[in-house]
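See below for the structure under consideration.
Note that this is a predicted model, so its numbers are computed, not measured. Just so you know, residue 1 is the first one in the sequence shown, and it goes up from there.
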Amino acid sequence: MPVELVEQKPQAALPVYLVAKDALEAAALPPPAIAWARANAFSGEAGRTLVLPGEDGGLAGALFGTGDGESALALGALARALPEGDWYFASGLAQPELAALALVLGGYVFTRYGKKPGKALRFALPEGADAAHVRRVADSVFLTRDLVNTPTSDLGPVELEEAARQLAAAHGADISAIHGDDLLARNFPMIHAVGRASADAPRLIDMTWGPSDAPKVTLVGKGVCFDTGGLDIKPSSGMLLMKKDMGGAANVLGLASMIMGAKLNVRLRVLIPAVENSIAGNAFRPGDVLRSRKGITVEIGNTDAEGRLILADALALADEEQPALLADMATLTGAARVALGPDLPPFYTSDETLAADIAAAAVAVEDPLWRMPLWRPYEAKLSSKIADINNVTTDGFAGSITAALFLRRFVEKTHSWAHFDIFAWNPADRPHGLTGGEAQGIRALERVIAGRFGA
């Protein structure tokens, strides 16, 4: 881990002074630091780092501009801006745990294919931060990022299952998987249909952990390891990021890692339908009618709307247990990105208390989420003349909402259900994360789950 948090401040650690915009005098800086800042036109603008020279030719510390001070995660920029060595914050922090997390997340580099690690920094743990929680969350986010960043050549359905098995082994969880034609025998026809054209057999990964009598929390993650679009093939430009179409699965595995690491008092279940939406003679076709696990028949209006099909079978299984909380995460629609952009995933739920809890947690831990409506009148857009439902609409409007409405048809018994339409990717460098795979929504969900069910 390029940024190491240490409980005791190293003897030679250098201070980092946080400076709000146009507030040099209020930052309690040594006079030489103020002079150096003015000489370099530093006025506390957000995200800027200015290293302070020492009298002996070394370093005396650094200034970091916090701007209007809206984001603790902005401190993640320090992980890449500071010279290697030992550092500490010269003053107290309003959100010490988020600040510590930002530093660690900001130091992440995906090194599997030869990229060099980031600079090695040691930071004294800010007073008031829980070191164990920070490391647990950071490790889980890194797991998610690593999985999303890995190309399908090294992370198809087989390898995704192996990643889940490694996580299960690390925490003593039980895990099983249903493969290939056994999906038909076990009544998961839509998972089978979407994945049957791939060289890697489709599968449903099923992990459980925790006391059998604890409240049930079930997580479902879309595990499309690559999406060609199927016979409704994507253009080449549309496939460039399709290695990340298993981002929902990666995120629920990251969240599961947090839950199990914290030993929360829940009966956790993780369901991941893992497939590759490929093209071959046996690929499912536009116009086909698939019978789902729930018995609902689905006309295929477009084979590129495959994620909702595999999720539907997995959600139907999850719903049979009526868990206390059911959440699914999926890189489901481009419409969500058109509506809210890549950094603000929408979520959907009919449970008003759950919606309020998620919204509050998202703000508290700076893990942005925005509630969108399950607008019932739009259900008619999914009608079919020959089946119970179509997997797409004909007009293309409200794509994220209608996808959520499609999924809701498969959750009847569970009161507290939420669907997260995530992007799982940073399209540009951010202070706490470089361009590439990203965890979205799981830090907020961990806070909700911990708050509801505790340790």
Is the Phe89 to Phe123 ring centre distance short of 6.0 Å?
-> yes
Tell me whether [X] contacts the main-chain N or O of [Y] through its side chain, where contact means a donor paired with an acceptor under 3.5 Å.
| X | Y | result |
| --- | --- | --- |
| Asn251 | Gly247 | yes |
| Asp227 | Asp245 | no |
| Gln440 | Pro342 | yes |
| Asp130 | Ala132 | yes |
| Ser198 | Ala201 | no |
| Asn391 | Gly301 | yes |
| Ser384 | Ala387 | yes |
| Thr333 | Ala336 | yes |
| Glu161 | Val158 | no |
| Ser292 | Ile296 | yes |

Any chance you could lay out the side chain to side chain donor-acceptor pair (under 3.5 Å) test for Asn426 and Thr435, step after step, and finish with the verdict?
-> CA-CA 5 Å; Asn426 288 326; Thr435 300; over 6 Å; no
pair [X]-[Y]: side-chain heavy atoms closer than 4.5 Å:
| X | Y | result |
| --- | --- | --- |
| Ile205 | Leu271 | no |
| Ile401 | Pro373 | yes |
| Val411 | Thr414 | yes |
| Tyr378 | Leu405 | yes |
| Leu317 | Phe188 | yes |
| Thr297 | Ile389 | no |
| Met207 | Arg269 | no |
| Arg308 | Leu407 | yes |

For the residue pair [X] and [Y], what are the closest heavy atoms and their distance?
| X | Y | value |
| --- | --- | --- |
| Trp425 | Asn149 | CZ3-OD1, 3.8 Å |
| Arg203 | Pro157 | CD-O, 3.5 Å |
| Ala173 | Thr208 | CB-O, 3.3 Å |
| Ala79 | Gly107 | CB-N, 3.5 Å |
| Ala100 | Ala129 | CB-CB, 4.4 Å |
| Ile442 | Gly254 | CD1-C, 4.1 Å |

Determine, for [X] against [Y], whether the closest basic-nitrogen to carboxylate-oxygen distance falls under 4.0 angstrom.
| X | Y | answer |
| --- | --- | --- |
| Arg337 | Asp421 | yes |
| Glu306 | Lys222 | yes |
| Arg409 | Glu379 | no |
| Asp357 | Arg452 | yes |
| Arg165 | Glu162 | no |

Measure up the Phe420 and Phe347 rings against each other and bin them: parallel (under 30°), tilted (30 to 60°), perpendicular (over 60°).
->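 Judged by the thresholds at 30° and 60°, the geometry between Phe420 and Phe347 is parallel.
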First locate atom [atom1] of [X], then atom [atom2] of [Y], and finally report the distance between them rounded to the nearest 0.5 Å.
| X | Y | atom1 | atom2 | result |
| --- | --- | --- | --- | --- |
| Met190 | Leu311 | CE | CG | 9.5 Å |
| Ile449 | Asn265 | CD1 | CG | 12.5 Å |
| Trp370 | Ile358 | CH2 | CD1 | 14.0 Å |
| Leu325 | His415 | CG | NE2 | 10.5 Å |
| Phe410 | Leu315 | CZ | CG | 9.0 Å |
| Leu219 | Leu253 | CG | CG | 9.0 Å |

His419: what forms a ring pair (Phe, Tyr, Trp, His ring centres under 6.0 Å) with it, not counting sequence neighbours?
->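 Tyr348.
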With a cut-off of under 6.0 Å to the ring centre and 45° to the axis, is Lys381 in cation-pi contact with Phe406?
-> no
Do we get Arg196 above Phe284's six-membered ring, with its NZ or CZ under 6.0 Å from the centre and within 45° of the axis?
-> no
Quick one: do Asp206 and Ile175 satisfy side chain to side chain contact (heavy atoms under 4.5 Å, CB included)? Show the steps, please.
-> CA-CA 6 Å; Asp206 189 347; Ile175 188 166; over 6 Å; no
Is it the case that more than 12 heavy atoms not belonging to Arg371 sit under 6.0 Å from its CZ atom?
-> yes
Should we say atom CZ of Arg186 is surrounded by more than 12 heavy atoms from elsewhere, each under 6.0 Å from it?
->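 Count not over threshold, so no.
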Check the pair Arg443, Glu446 against salt bridge (Lys or Arg N to Asp or Glu O under 4.0 Å), reporting the backbone distance first and the verdict last.
-> CA-CA 5 Å; Arg443 294 188 295 108; Glu446 187 243 7; over 6 Å; no
Do Asp319 and Trp417 have side-chain N/O donor and acceptor atoms under 3.5 Å apart?
-> no
Just do the salt bridge (Lys or Arg N to Asp or Glu O under 4.0 Å) check on Arg145 and Glu438 with the steps written out, would you?
-> CA-CA 5 Å; Arg145 289 177 176 177; Glu438 187 57 287; 2.8 Å; yes
Please test Arg80 against Leu434 for side chain to side chain contact (heavy atoms under 4.5 Å, CB included), starting from the C-alpha separation and ending with a verdict.
-> CA-CA 10 Å; Arg80 301 189 294 276; Leu434 296 172; 3.6 Å; yes
Test side chain to side chain contact (heavy atoms under 4.5 Å, CB included) applied to Trp209 and Ile259, step by step = CA-CA 10 Å; Trp209 172 90; Ile259 292 170; 4.2 Å; yes
Partners passing salt bridge (Lys or Arg N to Asp or Glu O under 4.0 Å) against Asp213 (at least two apart in sequence or in another chain) |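 Testing Asp213 for salt bridge (Lys or Arg N to Asp or Glu O under 4.0 Å), a comparison that skips the adjacent residues, returns none.
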From CA spacing to verdict: salt bridge (Lys or Arg N to Asp or Glu O under 4.0 Å), Asp304, Lys234 | CA-CA 8 Å; Asp304 196 19; Lys234 296 177 183 287; 3.0 Å; yes
Candidate list Lys294, Lys413, Arg293, test side-chain hydrogen bond (donor to acceptor under 3.5 Å, both in side chains), partner Glu320, passing option = Arg293
Please test Glu70 against Glu366 for side chain to side chain contact (heavy atoms under 4.5 Å, CB included), starting from the C-alpha separation and ending with a verdict.
-> CA-CA 10 Å; Glu70 296 178 354; Glu366 294 190 19; over 6 Å; no
